[in-house]
Amino acid sequence: MAFCSRNSRNIINNLKSKVGLSRLMKPSSDCCYTSCLNNTNRCRFLAPQLRNPDSHSQNKGHFFCFQRFQSTTTEQHFASLPNGEHNQVLDFPGGNVVFSPEMQFLSESPGVYNPCYRVLDDNGQLISNSIFVQVSEEIAVKMYSNMATLQILDTIFYEAQRQGRISFYATTIGEEAINIASAAALTADDIVVPQYREPGVLLWRGFTLQEFANQCFGNKDDYGKGRQMPIHYGSNKHNYFTVSSTIATQIPHAVGAAYSLKMDKRDACAVTYFGDGGTSEGDFHAALNFAAVTESPVIFICRNNGWAISTPTSDQFRSDGIAVRGQAYGVRSIRVDGNDALAMYSAVHTAREMAVHEHRPILIEAVTYRVGHHSTSDDSTKYRPANEIEWWRMERDPVTRFRKWIETNGWWSGEAESQLRSSIQNQLLQAIQIAERAEKPPVKDLFTDVYDNIPWHLREQEKMVRETINRHPKDYPADVPF
Amino acid sequence: MALRNILGKRFGVGLAGRRPLSTATCDVESGNAKAINLYSAINQALLIALETDPRAFVFGEDVSFGGVFRCTTGLADRFGKARVFNTPLCEQGIVGFGIGLAAMGNRAIAEIQFADYIYPAFDQIVNEASKFRYRSGNQFNCGGLTIRAPYGAVGHGGHYHSQSPEAFFCHVPGIKVVIPRSPRQAKGLLLSCIRDPNPVVFFEPKWLYRLAVEEVPEHDYMLPLSEAEVIRQGSDITLVGWGAQLSIMEQACIEAERDGIFCELIDLKTLIPWDKETVEASVRKTGRVLISHEAPVTGGFGAEISASIVERCFLRLEAPVARVCGLDTPFPLVFEPFYMPTKNKILDAIKATVNY
């Protein structure tokens, strides 16, 4: 039995005007849960043994059922007791709990996999009776262009690292829909607190190819002043916190940022991203708990791509993925097909409404696959079959899938495709050339920004370093001016 | 509105440019000063911080009812639960949340219940807070973050209610570490820490929460960071310390004087970035230095001071640098009196150094 708060009912009504179909979720028993039960054990996103493409079954349209909203206010999480039950109740500090003479352990598993929200089938065709948030042609084309741009960016930068032109790179291949569709569903005022596999969000917001290249080359135009490895982007004008390599440390930051937005009564939320591996860190647990208790408008987006470097999810956790954990913290959650750009867009859009208007956190588990290696320091064929990688790259490419949808709508063509790809390719190659030739930041930037002002002991150290440079110039790279 | 605009407004030069008051030189317009203890002084500082900045927040375990040391008494009632609130029992969450809050331009005043429990937050402090500005190229900062924690011996605290972990944090570029010695110092220093545009760890000597009583001005005042204070003049030996240990050192100074040894006592106040100039100037005068802290001697912050002084004042030194510190053991219960750097241990070391 679902409870629907007034706020969530409004959200559903607003959604009504945007949905592709008129059928609406009802808090009733006519959900296609039964058919989901029969088919969820074939969900290929969940168990590593099922990731082998040879073992998957035909995808059936009715397999992915829509997700009901479990709408409650914080005080009404739990059903109130029927009258006359009070002599069977213990009023412990958390609430009234009914006694039971049966010794029933809560199962470690709900028994069925948490269903996965999806709107487009594997061929990019709309699933009948699906609920989604309508996307205009302009937005859809922009989404697709960004996804394609991200693909090309990844290919070219990866190559640049292989050629020794940048020291490191990590691709987002396979996760383009998560990146772009989630970004498209947010506003520019929403604060993004990334892990490191979300450059697409920054791309959507207007970070230029040149700006990406500058950071990867660590030149004087890098906003980070050459201090961090490539892909550690950050941009305050795009409300995108600077990436740090540490896993999951960013998640509680998003909660604090969201709390600030709530206190300032802003029409904005915080959004943070992390992988399946990140959910094992204490910071994930800390953040979800804090978000629930502080009632902060934060969206947690987990890119469950099946791998944390070489560690498959079966070595990472024994829960059914991540969304099921939300309830344990009192956080509303949903599992979404991360390779379905339309479903991602819809889920994030709706999550944002709930977060901002109801001051609540939302957990989104975007199920996907990490097609690329973990980074240029990794060769993933060492721990997973090459044909598995190829299958996901070719058969489950989120970019192609979305392209088919926009082509079906008459919004895209082969000509537009080749125009886009060659244009982006040229722009990127040029950006790289420019970035490569640019000077590095000066040595003085080694000492600035440790504190707001340079303290005396750092001035001293800078002096010493300069003396050493003068004495032994050959010890130092020629492209860093001093 | 881009973050840059918010941050620009939050950290204008105005506050940094305020001329702070020094307790050594003036009686702080003692028109309105009352004798209060350390936790009350902290309470006043927090109240003023909340009052003067609507974007200041105080949070941590049990702060709502007043805190286990009563430092936050009355604040939730006065400023509301949205600004003064309990957090779940999770130090990494407290600091991580605080970093996010500070990154948005707020003054996030986090309490860690005992310094002994700060370690789960160590990753957030070292890898995140201290590098937040640097790694972003100064696009972002969490300078509004202040982490307060009671530290030090209390007579019966044992392993987990007595620790002095300052040395771990002194090794982290990008944060400041500040330790007050008394109520009047605490109020002024804490306000400076809260308003300083860098993340600060502020250790409060819990032993002095009730024990130390001092005239503390009731108004809003700040004491400068990274400025050590000579609290007792002398010519024979320089003593350097911080926090509760200073009162022990002062007793040793008084007794040493009866033997004709005149000690100069310096309160470092800020451990990083520390005021080398003041300490050096004193050592050049006396030629001898002794450092004392409760934390274990090996790798303690005294080692940094010693190495630095030897580097800079080697030829002036008449004797090796002395350190009178805690032992290299976990902080014991029954054996606390043996562990501690007592007045007599310090006195013996003063004499040994002077007679070297």
Side-chain angles (χ1 to χ4, degrees), chain A residues 188-189 191 193 222-228 232 234-239 241-246 249-264 266 268 270 281-283 285-287 289-294 296 298 441 445 448-453 455-458 460, chain B residues 1-4 6-7 11 16 54-55 57 59 82-83 85-88 90-106 108 120 123-124 127-128 130-143 173-176 196-198 226 272-277 308:
Chain A
D189 290 335
I191 306 295
V193 190
D222 168 25
Y223 300 138
K225 300 180 187 169
R227 290 158 180 165
Q228 290 211 88
H232 289 62
S235 177
N236 64 347
K237 67 178 188 265
H238 297 107
N239 286 335
F241 277 20
T242 302
V243 170
S244 71
S245 317
T246 45
T249 47
Q250 74 282 4
I251 312 178
H253 302 173
V255 184
Y259 190 82
S260 176
L261 293 169
K262 178 173 87 159
M263 289 302 296
D264 287 342
R266 300 277 311 283
E281 279 282 359
D283 278 334
H285 155 83
N289 198 36
F290 269 66
V293 169
T294 59
S296 294
V298 52
D445 279 341
T448 53
D449 306 329
V450 180
Y451 297 93
D452 65 314
N453 291 323
W456 189 80
H457 69 286
L458 281 184
E460 228 185 30
Chain B
M1 183 206 260
L3 277 174
R4 182 178 273 152
I6 300 172
L7 292 169
F11 295 114
R55 301 186 83 212
F57 299 85
F59 51 94
R83 294 184 64 203
F85 51 94
N86 290 337
T87 61
C90 180
E91 288 75 16
Q92 68 193 101
I94 291 170
V95 175
F97 175 89
I99 290 171
L101 202 54
M104 297 293 287
N106 302 289
D123 185 29
Q124 285 288 342
N127 274 328
E128 301 297 312
S130 76
K131 299 172 173 54
F132 212 80
R133 184 192 294 274
Y134 191 79
R135 74 188 187 200
S136 73
N138 200 25
Q139 294 186 92
F140 299 101
N141 73 75
C142 61
I175 58 169
K176 296 192 177 181
D196 188 275
N198 298 287
S226 294
I272 54 161
W274 65 284
D275 181 1
K276 286 185 203 179
E277 230 176 271
S308 195

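Sequence lines set the chain letters: A, B, ... in the order given, protein chains first and strands last, and positions in each chain run from 1.
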### Between Asp222(A) and Gln228(A), a side-chain donor and acceptor under 3.5 Å
no
#### Entry: Which portion of Lys276(B) sits near chain A, non-hydrogen atoms under 4.5 angstrom
side chain
### Query
Taking the side chain from Asn239(A) and the backbone from Ala188(A), do they hold a donor-acceptor pair closer than 3.5 Å?
yes
### Query
Is the number of heavy atoms from other residues, nucleotides or ligands under 6.0 Å of Glu460(A) CD greater than 12?
yes
### Query
Relative to chain B, which segment of Asp445(A) carries a heavy atom at a distance below 4.5 Å: side chain, backbone, both, or neither?
backbone
### Query
By a 4.5 Å heavy-atom criterion (distance strictly below it), what part of Phe57(B) contacts chain A: side chain, backbone, both, or neither?
side chain
### Query
So which of Asn86(B), Ile99(B), Val95(B) has the biggest tally of heavy-atom pairs under 4.5 Å with chain A?
Ile99(B)
### Task
With a 4.5 angstrom heavy-atom cut-off, could you sort out which part of Gln92(B) is near chain A: side chain, backbone, both or neither?
both
### Summary
Okay, Ile175(B) and chain A: the region with an atom under 4.5 Å from a heavy atom over there is backbone
### Task
Using non-hydrogen atoms and a 4.5 Å limit, figure out which bit of Glu91(B) sits close to chain A: side chain, backbone, both or neither.
neither
### Task
Take Ile272(B) and Tyr451(A) through the side-chain contact (heavy atoms from CB on, under 4.5 Å) test and state the conclusion after the steps.
CA-CA 11 Å; Ile272(B) 54 161; Tyr451(A) 297 93; 4.2 Å; yes
### Message
Counting only non-hydrogen atoms closer than 4.5 Å, does Val293(A) touch chain B with its backbone (N, CA, C, O), its side chain (CB onward), both, or neither?
### Response
side chain
### Query
When only pairs under 4.5 Å are counted, which of Ala257(A), Ala291(A), Ala254(A) shares the most heavy-atom pairs with chain B?
Ala257(A)
### Query
Using a cut-off of under 4.5 Å for heavy-atom pairs, which of Ala268(A), Ser296(A), Ala286(A), Gly224(A) has the most such pairs with chain B?
Gly224(A)
### Task
Answer yes if the ring centres of Phe59(B) and Phe290(A) are under 6.0 angstrom apart, and no otherwise.
no
### Task
Could you tell me which of Gly256(A), Ala270(A), Pro455(A) has the largest number of non-hydrogen atom pairs under 4.5 Å with chain B?
Gly256(A)
### Query
Which region of Ser235(A), side chain (C-beta onward) or backbone (N, CA, C, O), has a non-hydrogen atom less than 4.5 Å from a non-hydrogen atom of chain B, or is it both or neither?
both
### Task
Identify, with sequence neighbours excluded, every residue that meets ring-ring contact (aromatic ring centres under 6.0 Å, His included) alongside His232(A).
none
### Any Glu128(B) side-chain heavy atom under 4.5 Å of Asp123(B) side chain
no
### Task
Select, from Ala258(A), Ser260(A), Ala287(A), Gly226(A), the one with the greatest count of heavy-atom pairs under 4.5 Å involving chain B.
Ser260(A)
### Task
Walk me through it: do Asn141(B) and Asp452(A) pass the test side-chain contact (heavy atoms from CB on, under 4.5 Å)?
CA-CA 9 Å; Asn141(B) 73 75; Asp452(A) 65 314; over 6 Å; no
### Message
Please check this pair: side chain of Asp283(A) against backbone of Ile251(A), looking for a donor-acceptor N/O pair closer than 3.5 Å.
### Response
no
### Message
Under 4.5 Å from any heavy atom of chain A, what part of Asn127(B) do you find: side chain, backbone, both or neither?
### Response
side chain
### Query
Hey, what's the ring geometry for Phe140(B) with Phe132(B), parallel, tilted or perpendicular (30° and 60° as the breaks)?
perpendicular
### Query
chain A: which of Ser136(B), Ser226(B), Gly98(B), Ala108(B) shares the most heavy-atom pairs with it under 4.5 Å?
Ser136(B)
